[in-house]
Engineer: 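I have a structure I would like to understand better, so I am pasting it below and will then ask my questions one at a time.
Values reported hereafter were calculated over all heavy atoms of this structure, with side chains retained and with hydrogens, waters and symmetry mates removed.
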Amino acid sequence: MPELPEVETVVRGLSRHIVGQKIKQVKILSARSTLGFTPAKRQGLRGASIKNITRRGKGIIVSLAKQPATARSAGGSDLSLLIHLKMTGQLIYIPHSRHAELVSASKTKILKQVRGDKLEKGRLNYGHPDKNFIETMPSRHTRVWFELSKGNLYFNDQRRFGWVKLTPTAEVPNDKFFSNLGMEPFDKNFTPAFLYSAIQRRPKSNIKTIILDQSLVTGIGNIYSDEALFYAGIKPTRLGKSITKADTTKLVSAIKKVLEKGIKYMGTSVNTHRTPEGAMGQMQNYLVAYDRKDLPCRKRCGSTIKKIRLNGRGTHYCPICQK
DNA sequence: TGCCCCCTGCAG
DNA sequence: CTGCAGGGGGCA
């Protein structure tokens with residue numbers, strides 16, 4: 001699912017719901033979705049409390065504070081949970097207070113709406129006719145199940161590309177994934193001058209590939225790169241050496257604009273993205289390029305959006321408005 | 001710096 | 001059935 005706006009939506013939602021709660025137990029339902037859950041670290045996890053939740057690029061950092069008793073006896077550093085949702089990851093939080101209600105609501109809806117052959121017990125609403133429908137958790141795609149003091153947090157991931165890593169907080173800066181990330185798009189240093197000089201270093205790459213490079217600027221993925229290039233009026237296939245300073249100025253504002261818009265609408269739910277409450281984002285209703293193959297250009301230029309393949313990624317653009 | 005791959009499910 | 005999907009790691 002997730003690019004910066006989707007991850008930011010998840011982080012903000014979780015921050016509201018689970019900061020301050022204690023971790024009572026962690027159940028790993030899919031070992032390959034986890035890293036670093038050694039017996040020693042798992043011991044340190046029990047009773048730890050959730051201090052804060054932050055985003056870096058498309059990655060999530062859940063910082064924990066040790067349980068006082070463990071801190072006294074075991075020593076060692078505080079732990080962090082590092083989470084990447086990759087293509088289909090979800091983090092769904094269901095407070096104890098809402099669980100029974102959801103189970104009962106889901107039974108009613110199952111009887112009313114779901115074709116028998118489509119129903120699989122405990123499945124999230126992926127593919128369900130009612131897009132706001134949540135079945136009971138854990139679902140068949142739940143990979144890690146966190147029992148917290150006031151509710152349950154489920155890491156769901158249909159394709160199992162995502163991961164949950166357990167790492168000492170002091171080691172997070174050295175993490176393979178996080179240490180390779182470039183500039184945050186909302187950092188004050190993400191300027192046209194910065195992007196322009198980076199683009200100059202890659203004269204033979206196309207501009208879409210350049211802005212997808214997470215080691216340069218982090219958080220832009222396939223949806224928001226197409227969106228930003230549309231607003232900037234730049235064809236995704238343009239080579240780095242052809243990009244002017246004026247293009248770069250437009251592109252930097254377009255990137256910030258589309259990411260802000262994505263956050264405002266709580267992300268794009270063309271597929272599996274959900275907020276921690278299980279609701280869909282709404283940004284799919286405001287896309288101008290991505291997922292609009294053969295639909296009219298929203299600038300009313302009279303053309304339709306074309307879809308091509310660029311470095312193996314589906315790429316959408318307006319042949320008239322983007323030069 | 002591009003390609004294949006990881007995996008699962010859906011649309012055509 | 002084939003191809004494709006919000007990502008990114010490893011490999012020429």
Side-chain angles (χ1 to χ4, degrees), chain A residues 1-10 30-35 55-60 82-91 115 117-120 123-129 131 139-143 156-163 165 175-182 198-199 201-228 237 239-241 258-259 261-263 265-275 280-284 286-287 289-294 307-316:
Chain A
M1 110 183 90
E3 304 179 30
L4 187 151
E6 290 72 36
V7 178
E8 182 67 22
T9 298
V10 169
S30 166
R32 62 182 309 155
S33 300
T34 63
L35 286 160
R55 178 191 61 73
R56 175 80 173 95
K58 303 173 193 171
I60 298 171
L82 307 180
I83 304 174
H84 200 303
L85 304 172
K86 288 290 182 82
M87 298 285 262
T88 56
Q90 304 173 325
L91 284 165
R115 296 206 312 274
D117 60 349
K118 273 282 183 188
L119 174 68
E120 292 182 58
R123 185 177 181 184
L124 193 71
N125 55 351
Y126 181 61
H128 191 280
K131 298 295 188 184
S139 78
R140 61 191 284 228
H141 295 131
T142 299
R143 310 305 182 192
N156 303 329
D157 185 18
Q158 178 196 116
R159 293 172 74 178
R160 305 190 210 225
F161 288 170
W163 38 255
K165 270 188 226 180
D175 179 81
K176 178 102 165 269
F177 172 78
F178 285 92
S179 63
N180 282 326
L181 296 178
I199 293 171
R201 276 179 257 122
R202 301 189 57 177
K204 292 195 276 197
S205 299
N206 61 66
I207 186 62
K208 173 164 172 172
T209 303
I210 295 174
I211 63 172
L212 283 175
D213 182 350
Q214 303 296 300
S215 67
L216 206 197
V217 49
T218 185
I220 304 168
N222 207 38
I223 295 179
Y224 296 93
S225 60
D226 284 2
E227 294 295 294
T237 49
L239 264 28
K241 63 183 174 199
V258 295
L259 295 177
K261 195 168 168 183
I263 293 170
Y265 289 110
M266 302 208 295
T268 304
S269 291
V270 291
N271 208 328
T272 57
H273 166 63
R274 295 294 181 274
T275 72
M280 292 178 76
Q282 291 304 317
M283 182 62 186
Q284 63 278 12
Y286 303 94
L287 297 175
Y290 183 84
D291 203 27
R292 288 186 52 78
K293 174 170 147 45
D294 296 333
K307 183 173 182 186
I308 59 168
R309 190 144 289 270
L310 195 53
N311 286 350
R313 312 281 271 154
T315 298
H316 314 71

Engineer: For A:Thr88, which of A:Asp157, A:Asn271, A:Asn156 qualifies under side chain to side chain donor-acceptor pair (under 3.5 Å)?
Structural biologist: A:Asp157
Engineer: In the strands shown, is C:dG3 matched to any nucleotide by a Watson-Crick or G-U wobble pair with both distances under 3.5 Å, and which?
Structural biologist: B:dC10
Engineer: Check every strand shown and say whether A:Gly312 touches a base, only sugar-phosphate, or nothing at a heavy-atom separation below 4.0 Å.
Structural biologist: nothing
Engineer: Do we count A:Phe161 as stacking onto B:dC6 if the rule is ring centres under 5.5 Å and planes under 30°?
Structural biologist: yes
Engineer: Please give, in whole Å, the distance from B:dG9 C1' to A:Gln90 CD?
Structural biologist: 14 Å
Engineer: Contact class for A:Tyr224 vs. all strands (heavy atom < 4.0 Å): base, sugar-phosphate, or nothing?
Structural biologist: nothing
Engineer: Between the protein and nucleotides 1-4 of chain C, list every N/O to N/O distance that falls short of 3.5 Å.
Structural biologist:
none

Engineer: Map A:His84 and A:Arg159 onto DNA chain C by nearest heavy atom, then report which one ends up closer to the 5' terminus.
Structural biologist: A:Arg159
Engineer: Separation of A:Lys293 atom NZ from B:dG12 atom C1', in whole Å?
Structural biologist: 12 Å
Engineer: Listing time: all N or O pairs from protein to nucleotides 10-12 of chain C that are below 3.5 Å?
Structural biologist:
{"residue": "C:dG10", "atom": "OP1", "partner": "A:Lys176", "partner atom": "NZ", "Å": "3.1"}
{"residue": "C:dG10", "atom": "OP2", "partner": "A:Lys176", "partner atom": "NZ", "Å": "3.3"}

Engineer: Could you walk me through whether A:Asp294 and A:Lys307 pass salt bridge (charged side-chain N to carboxylate O under 4.0 Å, His left out), step by step?
Structural biologist: CA-CA 8 Å; A:Asp294 296 333; A:Lys307 183 173 182 186; over 6 Å; no
Engineer: Just how far is it from atom CG of A:Asn311 to atom CG of A:Asn222, taken to the nearest 0.5 Å?
Structural biologist: 10.5 Å
Engineer: Angle class for the A:Tyr265/A:Tyr286 ring planes (parallel below 30°, perpendicular above 60°, tilted otherwise)?
Structural biologist: parallel
Engineer: Roughly how many Å is it from CG in A:Asn180 to C1' in C:dG8, rounded to a whole number?
Structural biologist: 11 Å
Engineer: Rounded to the Å, how far apart are A:Ile223 CD1 and C:dA5 C1'?
Structural biologist: 10 Å
Engineer: Tell me: CZ of A:Arg160 to P of C:dG9, nearest whole Å?
Structural biologist: 20 Å
Engineer: Expressed in angstrom and rounded to an integer, what is the separation of A:Trp163 atom CH2 from C:dG9 atom C1'?
Structural biologist: 11 Å
